[in-house]
There are 2 protein chains.
Amino acid sequence: MALAEAILVCLTDRPMSGYDLAKTFDASIGFFWRASHQQVYRELARLRDKGLVDSREIEQSGRPNRIIHTITDAGEGVVHIWSQKPCRVPSVKDELLVKLYALDNVDIPVLREQLDIRLDQHRAKLAAYFRIKEKFYDGKSLNRAQKGKLIALTMGISNESEMVKTLGNAITMLGEIDA
Amino acid sequence: MALAEAILVCLTDRPMSGYDLAKTFDASIGFFWRASHQQVYRELARLRDKGLVDSREIEQSGRPNRIIHTITDAGEGVVHIWSQKPCRVPSVKDELLVKLYALDNVDIPVLREQLDIRLDQHRAKLAAYFRIKEKFYDGKSLNRAQKGKLIALTMGISNESEMVKTLGNAITMLGEIDA
DNA sequence: AACCTATATGCACATAATTGCATGATATTT
DNA sequence: AAATATCATGCAATTATGTGCATATAGGTT
């Protein structure tokens, strides 16, 4: 699983609590690898057991104590080995495309609405990507780590704007059926 | 899970054996929803238990008997209900993007190779889609079911050609680092 | 003769992901 | 005053997915 590696990668940047990581997986790295907070906490426990992170509790008053996780040398080794290994092809699983594939068994107006919803989701993501790009990358001088993130972000922007275009076409094509 | 529904959808077209379905999930519907043959057989057993498919063994000589699965009325009901329900957003999980995100912890030439491999995979998929489009859809008069499949295929083609373009850019951007 | 591919089904085990719940304080909004 | 959001952790149960193996025959390849 690459969830372990995704977490370790986040921790190379700075030590973090599970809560911080969960938020990171709701944005930034979460754009490329989704994970829920339960997944993150469970994986952190495993990483701790394997000695890939060093976890220490910080006393807090008024709210639960935080547990700060720091990547160990062994953890950095794991990241390095992972980075050399070939990438798995992301497995496709898209209900919307299955429904188009199954158009004969589907109510067209309902499907059209679902396409509209999906279109909005992609537009929202695209807007979010643009905000991040403007705020953190445009007109700034970037180090290597930032350049990498910018490349990933740029790919995200291309994909999302392509999806917006493609979904528009699909909606048009759907409208032409029985018209 | 929508694997059940994807299988049922395939069976609305014609009754099939698990083997036939597994092959279908290696191509056509598999472009939109990936599943291995083990997943298919397991899910078929469940569908049979729930009475959503009707399974009967066909005697064969020289090779194992086939079990032909036919969708039942209950199965068609399930497909209909599913088609009305909102689609889940496909969850992103792409190691390659994580590696770009983590560029500081990655060896650039190695990553470049991985990007090249991915580029080839997308080119191959794009070529496959074009072959299917030419063979089954171009210049043909299409019924509603075929039009739906064509819309899905067209989206696939857009996505793949976008990915080819985007990966090219990413490789260029990566080449400009430390150059 | 040994090996590979296609046909055809499926079990067992392991790993991963989702869903729902539980706790409990403080701060902000309606 | 009540409801919601933020902070912060995690268990338990279920569902989904992946890996490896098992079986058995026909036909073609090296």
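Everything numeric in this text was worked out from a predicted model, so none of it was measured. Convention: sequence-line order gives letters A, B, ...; per-chain numbering from 1.
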Between dT9(C) atom C1' and E43(B) atom CD, what is the distance in whole Å?
16 Å
Starting from C1' on dT18(C), measure out to CG on L3(A) and report it in whole angstrom.
14 Å
Kindly point out which of dT18(C), dG18(D), dG10(D) is positioned nearest to the side chain of R48(A)?
dG10(D)
Please walk me through it: do D54(B) and R48(B) pass salt bridge (charged side-chain N to carboxylate O under 4.0 Å, His left out)?
CA-CA 6 Å; D54(B) 181 31; R48(B) 189 175 44 209; over 6 Å; no
Starting at OH of Y41(A) and ending at C1' of dT9(D), how long is that distance when rounded to a whole Å?
5 Å
For D73(B), all residues meeting salt bridge (charged side-chain N to carboxylate O under 4.0 Å, His left out), sequence neighbours excluded
none
Would you say S17(A) reaches dT9(D)'s phosphate, i.e. side-chain N/O to OP1/OP2 under 4.0 Å?
yes
Within the 3.5 Å criterion, strictly below it, is a donor on W33(B) or E95(A) matched to an acceptor on the partner's side chain?
no
Report the distance from atom OH of Y19(B) to atom C1' of dA26(D), rounded to the nearest whole Å.
13 Å
Shortest non-hydrogen pair, T24(B) vs C10(B), comes out as CG2-SG, 4.0 Å
Write down the distance between CG (D49(A)) and C1' (dT15(C)), rounded to a whole number of angstrom.
16 Å
Quickly work out the I58(B) CD1 to dT9(C) C1' distance and round it to whole Å.
15 Å
Pick the nucleotide of DNA chain C nearest each of K23(B) and R34(A); which residue has the one closer to the 5' end?
K23(B)
Candidate pair F31(A) and Y129(A), rule ring pair (Phe, Tyr, Trp, His ring centres under 6.0 Å), full reasoning:
CA-CA 9 Å; F31(A) 293 139; Y129(A) 285 165; 4.8 Å; yes
D20(B) side chain to S17(B) side chain, donor-acceptor N/O pair below 3.5 angstrom
yes
Between the protein and nucleotides 20-26 of chain C, which nitrogen or oxygen pairs are less than 3.5 angstrom apart?
residue	atom	partner	partner atom	Å
dG20(C)	O6	Q38(A)	NE2	3.4

In whole Å, what is the span from the CD1 atom of I67(A) to the C1' atom of dA8(D)?
9 Å
Between the base of dA16(C) and the side chain of R42(A), is there any donor-acceptor pair under 3.5 Å?
no
How far does NZ of K165(B) sit from CG of N169(B), to the nearest 0.5 angstrom?
8.5 Å
Find which nucleotide of DNA chain D each of R66(A) and R46(B) is nearest to by heavy atoms, and output the residue with the more 5' nucleotide.
R66(A)
Is a side-chain donor-acceptor pair under 3.5 Å present for Q60(B) with N65(B)?
no
Atom pair distance, as rounded to whole Å: CD in E57(A) and P in dG10(D)
8 Å
Do D120(A) and K125(A) sit within salt-bridge range, that is, some charged N less than 4.0 Å from a carboxylate O?
no
Give me the residues of residues 75-95 of chain B where at least one heavy atom lies under 4.0 Å from an atom of DNA chain C, by number, or none.
K93(B)
